[in-house]
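The next block holds one structure in the form of structure tokens; read it before the comments.
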Amino acid sequence: MKALALLVVLGVGLIAIAALLGGRPAAIGGGVALLAQLWAVTLLRPKMRAPNPEFMARWLGGMGIRFVALGALMVWSVTHPASLPVLPAALSYLGVLLPLLFLETRFLR
């Protein structure tokens with residue numbers, strides 16, 4: 001539980017930085033990234049010590065969650081450019097998700 005709380009705190013900090021740099025669209029993109037990462041980590045965590053096929057199925061599910069989240073963000077950005085500009089949303093999604101991915105092993109312990 002501590003690890004997930006740390007993930008949320010770090011994610012919110014990254015979202016705050018993104019929002020300062022890119023405004024509301026960047027905050028939305030970062031928020032989508034944090035939600036996708038939280039969902040992927042909670043999906044994978046119960047099977048960390050499971051046999052390889054079970055672990056890989058959960059890992060692939062987490063990658064699918066991140067991909068679908070990015071796809072949904074991009075579809076919304078392209079179809080509603082006035083409410084959510086594509087560039088700030090996409091860059092903040094990556095800017096928040098990549099540091100969280102690099103630290104994912106810390107959150108899965």
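One is the number of the first residue; the rest follow in order along the sequence. Atoms considered below: every heavy atom in the structure, side chains included; atoms not considered: hydrogens, waters and symmetry mates.
Cluster annotation: V96 and L91 are assigned to distinct hydrophobic clusters (Ile/Leu/Val/Met/Phe/Trp/Tyr, side-chain heavy-atom contacts under 4.5 Å, transitive). Taken together through direct or relayed side-chain contacts under 4.5 Å among Ile, Leu, Val, Met, Phe, Trp and Tyr, L10 and V8 form part of one hydrophobic cluster. The cluster map of Ile, Leu, Val, Met, Phe, Trp and Tyr, joined by side-chain heavy atoms under 4.5 Å apart, puts L14 and V12 in the same cluster.
Taking 4.5 Å as the limit, some side-chain heavy atom of L4 sits within range of a side-chain heavy atom of R45. P46 has its side chain within reach of R58: a pair of non-hydrogen atoms, C-beta onward, lies under 4.5 Å apart.
Here the closest non-hydrogen pair linking L44 and W59 is CD1-N, 3.8 Å. For the pair P85 and S77, the tightest heavy-atom approach, listed with the atom from each and the gap, is O-OG, 4.2 Å. Taking every heavy atom of both residues into account, G62 and A40 meet most closely at CA-CB, 3.7 Å. A26 approaches S92 most closely through the heavy-atom pair O-OG, 2.7 Å.
Within 6.0 Å of the CZ atom in F55, the count of heavy atoms belonging to other residues, nucleotides or ligands exceeds 12.
The side chain to side chain contact (heavy atoms under 4.5 Å, CB included) test with L38 singles out one residue from L100, I65, L7, and that residue is L7.
In this structure, CE on M56 lies 10.0 Å from CE on M63, to the nearest 0.5 angstrom. A distance of 7.5 Å separates CD1 of I17 from CG of L21, quoted to the nearest 0.5 Å. From R24, atom CZ reaches atom OG of S83 across 6.5 Å, with rounding to the nearest 0.5 Å.
Here V75 is tied to no hydrophobic group at all, with no ILVMFWY side chain closer than 4.5 Å. Cluster partners of M74, by chain and number: I28, V32, L70, L73, W76, V78, L84, V86, Y93, L94, L97, L98, L101, F102. The rule joins Ile, Leu, Val, Met, Phe, Trp and Tyr whenever side-chain heavy atoms lie under 4.5 Å apart.
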